[in-house]
Engineer: 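Have a look at this one before I ask anything.
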Amino acid sequence: MSRREIIVDLGDRSYPVIVGEGVASLIDDYLPSTARRAVVVTEAGLPFECRPSIDHAVVELAPGEESKSLRTVENISRLFATHGLTRADVVIAVGGGMITDVAGFSAACWHRGTAFINVPTTLLGMVDAAIGGKTAVNIPEGKNLVGAFWQPAAVLADTRSLTTLPDKEMRCGLGEVAKYHFIAGDDMLSMTIVDRIARCAAIKAEIVASDEREGGRRALLNYGHTLAHAIESVGAHELAHGEAVAVGLLFAAHLAHALGRIDDRRVAQHHQVVRSEYGLVSDSQWNLVRRLDPSELVSSMTRDKKAVDGLTFVLDGTSGLEVVVGVDPTIVGESLRNFLGQAVLHG
Ligand code: GLY
C-alpha cells in the first residue's frame with residue numbers, strides 16, 4: 001500500500017500528516033496516550049467512517065456552511081459535557097473543511113484546549129484545511145472571523161474517502177492544488193493522487209513550520225483567496241471555496257498585470273494552468289461570477305480580516321509570489337470591473 005508521512009515541524013507540537021489508502025484505520029495509533037474517551041464530529045450522510053476503539057460518542061452535523069457557526073460549537077460542547085470529555089481526551093474530526101474547522105475550534109475551546117485529530121475526507125481538506133491549525137466558525141459579518149490557531153495531533157488523509165467524492169468537491173480541491181502549483185511551480189497533475197496530496201501537504205507543512213501564526217510567509221497560502229472569500233460571501237456560497245479560489249487566482253494575475261508586476265505571458269500562463277490544465281472555472285461558473293456587483297465585492301474584501309490599510313493580496317511578480325499590503329481599493333475596483341468585463345475567459 002502506497003503511504004506517505006509528512007511532519008509539520010512545530011517543536012513539541014509537531015505532528016504527522018499520513019496520506020494513503022486505508023490510513024483512517026490507523027486512528028488508534030495516533031490517539032494521545034492520555035485519551036480514555038473520544039468524540040467523533042462528522043457530517044450526516046457521509047459515506048465514510050472513522051471510529052476509534054476507545055469509548056466514543058458521535059455527533060453528526062448537517063452538511064453545508066450554515067453548520068459552521070457558534071451555535072454548532074455550543075451544541076458540540078454540550079455533547080462533550082454529556083459524554084464526560086476531559087482535557088486529556090480527544091476530538092476526532094471526520095469530514096471536509098467545514099467539519100475540521102468547527103470541530104477543531106470546539107476542541108480549542110473545550111477546557112481551553114483539548115487534543116484533536118483531523119481525518120479529512122475531501123481533497124480540499126487533505127491538501128489545505130486540515131493542516132496548519134487554523135480553526136474557525138463564521139458569523140453573519142464574515143467567514144472564519146471567530147477562530148483560533150490550534151494544531152491537530154495528527155492528520156490522516158485516507159484516499160479511500162475520495163472515491164465517493166462528488167465532482168464539485170473534487171474541483172474544489174483542485175482549486176487549492178492549482179494554488180500550490182503557483183507557490184511551488186510543481187507539475188502536480190502528473191503525480192498519483194497520493195503523491196499529489198503528499199506534495200501539497202509538504203509545501204503547506206514547510207510554510208506553516210516557518211510562520212505558524214501568519215506573521216508573513218504563511219499568507220502566501222492565501223493566493224487567490226482575497227477575491228475568493230468575497231465571491232463566496234457576496235454570491236451566497238453558490239460557488240464553493242475551491243471554485244472561488246480558481247477565479248481568485250485568475251484575478252490575482254489580472255491585478256498583478258494592472259500593477260505592472262507581470263507581463264501578458266504570465267497572465268496567459270495562469271489561464272492555461274487554471275482553465276486548460278486543471279479544468280477549472282467553467283463558462284457557467286464564470287457567468288455566475290460576472291453577475292456579482294464589483295462594488296459589493298470590493299466592500300466585502302475591505303471587511304476581510306486580513307485587510308490592513310487598503311487591501312492585502314498575494315501577487316505574482318518577477319521574483320515570484322509576494323504578500324502585498326495596502327493595495328488601493330480604487331485600483332482593485334477598476335481592475336475587477338475590467339476582469340469581470342470579459343465575456344469569455346481564455347485558456
Ligand atoms: N488555508 C490557508 C492557511 O492555512 O494558512
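Counting starts at 1 for both ligands and their atoms, in listed order. For the single chain, residues carry numbers from 1 onward in sequence order. Owing to the predicted nature of the structure, the values given are computational and were not obtained by experimental measurement.
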Engineer: Below 4.0 Å from any atom of ligand 1, is there a heavy atom belonging to Lys204?
Structural biologist: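 Lys204: in contact with ligand 1 (<4.0 Å).
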Engineer: If we ignore hydrogens and angles and just use 3.5 Å, is the side chain of Asp158 paired with the main-chain N or O of Gly22 as donor and acceptor?
Structural biologist: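 Yes: the side chain of Asp158 pairs with the backbone of Gly22.
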Engineer: Note the single closest protein heavy atom to atom 5 (O) of ligand 1, along with its residue, its atom name and the distance in Å.
Structural biologist: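 It is Arg218 NE, 2.7 Å.
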Engineer: Check the side chains of Glu176 and His225 for a donor-acceptor pair under 3.5 angstrom, ignoring hydrogens and angles.
Structural biologist: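 On atom types as modelled, these side chains qualify, holding a pair under 3.5 Å.
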Engineer: Quick check against the 3.5 Å criterion: does Tyr180 have a side-chain atom that pairs as donor or acceptor with the backbone of Met188?
Structural biologist: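 Checking the backbone N and O of Met188 against the side chain of Tyr180, no donor-acceptor pair under 3.5 Å is found.
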Engineer: Between His225 and ligand 1, which residue portion shows a heavy-atom distance shorter than 4.0 Å: side chain, backbone, both, or neither?
Structural biologist: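 Contact part for His225 vs ligand 1: neither.
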Engineer: Taking only heavy atoms of Asp128 into account, list the atoms of ligand 1 that are under 4.0 Å away from them.
Structural biologist: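 That gives atoms 1 (N), 2 (C) of ligand 1.
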Engineer: For the ring pair Trp286 and Phe339, is the centre-to-centre distance below 6.0 Å?
Structural biologist: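 Here the rings of Phe339 and Trp286 have centres that are less than 6.0 Å from each other.
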